[in-house]
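What follows is a single structure, written as structure tokens, with notes after it.
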Amino acid sequence: MRFVVVRSNAPDCEPTCPEWISAEGTIEAGTPALLKRALKKLGGRKLPVVVDSPGGNVDAALALGRLIRKNKLDIAVGKTRFEGCLPDEKDCIDNDGKGAGYFGTAYADGSICNSACPLMFSGGVRRVVGQWAFLGVHQITTTYVKTKLQYRTTYRVVKGKKKIIGTKVVSRKSAGSYKTYEMSKAVEKRLAAYLKEMGVGQGVLTTMKNTPASGIHQLVPENMLRMSLVTSLDSVDLFTAGTICSANPLPANCREIPANKPAMPTVPTVEAPTAGSEPAEVPPAQPEVMQREQDMRFVVVRGSNPLCNPDCPEWISAEGAITPQTPQKLRQLLDTLGNRRLPVVISSRGGDLFSALAAGRLIHEKKLDVAVARTDFVGCDPAKADCPADDGAYAGLSIDAGVECNSACALMLAGGVRRFVGPQARLSLYPMGQKQVVKTYLEEMAVGPGLFTAIERRSVERQLEPDLMLKVGLTTGPQSVDAMTGGTICKASPKPDNCRMVPSPNAQADAPARL
């Protein structure tokens, strides 16, 4: 396990931003010493621990939990996505002069705390897991190592009796080992005492004992709360969101770095003309900062083409910037749909790389289709509070003319089963960081290596040609979004999965009277 102090890179949080201790990796015998060293460098500052670990050494996990409790630290299950310098990266100067060694974003999606890790987790004062993180327990595995020792004993005879002067080990050889998957009474007693010390219910220990070592029992949030393993149903954002430093009183893990205060925008001035001179031309007012694209929003839409009623196609509109919250928002929406598979109609200028990969994998897991287009809503905009969904969906039409899917958006698109970028839509890519991560993801999505090669050849963001996208397998056909959302697709046989018949409210009135 590696411990790194991280400062949030959330937009607009400087000069006062939250910081935390990122703890990722396997718990080993020497791990408590590493945490103790990290805490000593902090000089008494109380930063929450954000942990992601498959588990490891039980004794070390207990020591870590006690160390966390002794220093009165909070803990959350989560991962840290770094920006700029990465841990273990040598000679990196990206963060020089910014007042912190590492910058990043903490997120819960897909993070784990399994096996011995929950014992470490129990040491936190406030303990949160969140809906999209996983905490699992199982039976302890104890490994016994047999060692054959040879001694040299020195003695002398005193009055006919041997008197031992000293004993020294002269050789030590391994004689094999064996494992046991049942918790001994001594270990059970020690763990029960530890959990009681930490204020955690004994239900955790019971679940550990009842789960085979070969499996893992993922605890659900409500049960963790009932067992007092978590102190609330919050997620890692409770300790690391950029907005927490606006609270009063200021959280202990918020730190001000005056040098990071954003520079105030300068206001252009126009000098008064002197006598006899021509009046200076006043330049038109320009916005000081380009408006940032809104975070990606997911909405279920029903086609409003009059040709389709009452059997119309439905889709998921995905528009906006890809952020660390994007995978979680998509998962929440998909959970409401049950087993229904609706295509994703996406329009985005890109955003966070790792969040795009997570969203793409979720799309791939759910076997959804994806097309580049935007949705024009009919009637009202879902963003408005007075615009309710009708039978679970908003009315709209899909349009791909001039719509963009850039940089990280293209990777999210790659997760689809069918992937369409019509001739009127645009998809652009440019060389990205984390080359091996991107390459592995594209292979996982069955996209040919030619796309990665095409990305690496580009020094700036450029639009990909339809033939190239089809050749490398980024798109699966030349069709546009209409192949998934057109008003007449529900008349096809077999009927597409995203078609749903909604009885007309006038159906009964329009029906002929029965005699």
Side-chain angles (χ1 to χ4, degrees), residues 1-4 21-41 49 51-70 87-90 112-123 135-198 204-217:
M1 182 171 282
R2 177 196 66 205
F3 298 99
V4 175
I21 300 170
S22 167
E24 299 189 12
T26 303
I27 300 170
E28 299 178 350
T31 303
L34 297 178
L35 177 57
K36 192 174 293 186
R37 190 183 309 166
L39 294 177
K40 187 176 181 180
K41 290 182 180 178
V49 178
V51 65
D52 178 70
S53 173
N57 186 294
V58 171
D59 289 338
L62 298 179
L64 288 168
R66 288 193 169 102
L67 189 57
I68 289 169
R69 180 60 61 88
K70 178 182 177 181
D88 305 325
E89 185 178 359
K90 295 181 180 179
I112 61 171
C113 180
N114 290 339
S115 190
C117 177
L119 298 174
M120 170 188 172
F121 178 83
S122 299
L135 185 146
V137 296
H138 62 180
Q139 180 64 267
I140 287 175
T141 300
T142 305
T143 303
Y144 293 94
V145 179
K146 295 180 180 180
T147 305
K148 184 178 180 180
L149 303 176
Q150 285 188 329
Y151 299 91
R152 177 184 289 118
T153 303
T154 305
Y155 64 91
R156 65 185 174 186
V157 178
V158 179
K159 295 180 182 182
K161 295 182 179 180
K162 290 181 179 180
K163 183 178 181 181
I164 297 175
I165 299 173
T167 301
K168 182 180 180 181
V169 176
V170 295
S171 73
R172 187 188 300 267
K173 295 181 180 179
S174 174
S177 64
Y178 67 95
K179 294 181 179 180
T180 177
Y181 301 99
E182 291 185 7
M183 192 181 298
S184 68
K185 292 294 182 182
V187 171
E188 181 178 351
K189 185 177 180 180
R190 189 153 59 97
L191 294 184
Y194 170 80
L195 293 173
K196 184 178 180 181
E197 175 189 345
M198 298 301 160
V204 175
L205 183 57
T206 302
T207 307
M208 290 175 67
K209 291 170 57 181
N210 293 338
T211 306
S214 57
I216 195 81
H217 184 104

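Please read all numbers here as calculations on a predicted model, not as lab measurements. All residue numbers in this chain count up from 1 along the given sequence.
Taken from NZ in Lys162 to OG1 in Thr153, the straight-line distance is 9.5 Å, to the nearest 0.5 Å. Taking OG from Ser115 and CE from Met208, the interatomic distance works out to 7.5 Å, rounded to the nearest 0.5 Å. Between Arg156 atom CZ and Ile164 atom CD1 the span is 12.5 Å, to the nearest 0.5 Å.
Inter-residue side-chain proximity for Ile140 and Leu191 is flagged as met; some heavy-atom pair is nearer than 4.5 Å. In this structure, Asn114 and Pro54 have side chains that are not in contact, with every pair of non-hydrogen atoms separated by 4.5 Å or more. The shortest side-chain heavy-atom distance between Phe121 and Val49 does not fall under the 4.5 Å cut-off. The closest side-chain heavy-atom distance from Leu205 to Met183 is below 4.5 Å. Under the 4.5 Å side-chain criterion, counting only non-hydrogen atoms from C-beta, Ile112 is not in contact with Leu135. Looking at heavy atoms from C-beta onward, Arg172 lies in side-chain contact with Leu149 at the 4.5 angstrom threshold. By the 4.5 Å heavy-atom criterion applied to side chains, Thr154 and Lys168 are not counted as neighbours. For the pair Leu34 and Met1, the minimum side-chain heavy-atom distance is 4.5 Å or more.
Pairing each heavy atom of Val137 with each of Pro118, the nearest pair is CG1-CG, 3.8 Å. Taking all atoms of both residues into account, the shortest heavy-atom contact from Ala61 to Ile27 is N-CG2, 3.9 Å. Pairing each heavy atom of Leu119 with each of Leu195, the nearest pair is CD2-CD2, 4.4 Å. Contact between Gly56 and Ala116 at its shortest, heavy atoms only, is O-CB, 3.4 Å. The two residues Ala60 and Pro32 make their nearest non-hydrogen contact at O-CG, 3.6 Å. Shortest non-hydrogen contact noted between Leu64 and Phe3 is CD2-CZ, 4.2 Å.
The list of side-chain hydrogen bond (donor to acceptor under 3.5 Å, both in side chains) pairs with a residue in residues 53-68, not counting sequence neighbours, reads Asp59-Arg190, Arg66-Glu197.
A donor-acceptor pair under 3.5 Å is absent between the side-chain atoms of Arg2 and the main chain of Gly25, judged by distance alone. Between the His138 side chain and the Gly215 main chain, a donor and an acceptor come within less than 3.5 Å of each other. Side-chain atoms of Tyr194 never come within 3.5 Å of backbone atoms of Ser122 as a donor-acceptor pair (strictly under, hydrogens ignored).
The side-chain contact (heavy atoms from CB on, under 4.5 Å) test applied to Lys196 returns Gln202, not counting sequence neighbours. Scanning for salt bridge (charged side-chain N to carboxylate O under 4.0 Å, His left out) contacts around Lys36 gives an empty result, with sequence neighbours left out.
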